Amino acid sequence: MRLPFTITVKSYIAVFLVVLALASFSRYELLLQLALAVFLAASVDIAINFIKIRKIILPSSAIISGLFVGSILPLSHITVLAGASVIAVV
């Protein structure tokens, strides 16, 4: 049976980070912070790639960067989270 996608090292890292984050989070705010960091990092990467090559590409490295930022930063102000997510991608 063939899978409709390829499993790479990036896939393993992303799954590992999601499982690790879900296991360590006990409050709703922390999950919201993780989702926001991933969304911001992916959005910035999609925008940069669209401006450069006029194509929308799934940003797997930006998703991993957002997972790192959302997991490592303590519960903080939204501007700190947004700034860290953007810096991680750029």
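All values reported here derive from a predicted model rather than from experimental measurement.
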Are [X] and [Y] in one and the same hydrophobic cluster, where Ile, Leu, Val, Met, Phe, Trp and Tyr link if side-chain heavy atoms are under 4.5 Å apart?
| X | Y | value |
| --- | --- | --- |
| I78 | L34 | no |
| L73 | F68 | no |
| F39 | I63 | no |

Taking side chain to side chain contact (heavy atoms under 4.5 Å, CB included) as the test, write out the residues that go with [X], two or more places apart.
| X | value |
| --- | --- |
| I53 | K55, I57 |
| T8 | T6, K10, S11 |
| V15 | V19 |

Checklist entry - Which residue pairs pass the side chain to side chain donor-acceptor pair (under 3.5 Å) test with at least one member in residues 32-43, sequence neighbours excluded? => result none
Next on the checklist: Looking at every non-hydrogen atom in both residues, tell me the closest pair between G66 and V38 and how far apart they are.
Outcome noted: C-CG2, 3.7 Å
Next on the checklist: Working to the nearest 0.5 angstrom, can you tell me the gap between N49 CG and L58 CG?
Outcome noted: 10.5 Å
Checklist entry - Taking the hydrophobic residues Ile, Leu, Val, Met, Phe, Trp and Tyr, and joining any pair whose side-chain heavy atoms are under 4.5 Å apart, which ones share a cluster with I46? => result F50, I56
Table please: side-chain donor-acceptor pairs of residues 80-90 below 3.5 Å, with sequence neighbours left out.
from: S85; atom 1: OG; to: L81; atom 2: O; distance (Å): 2.9

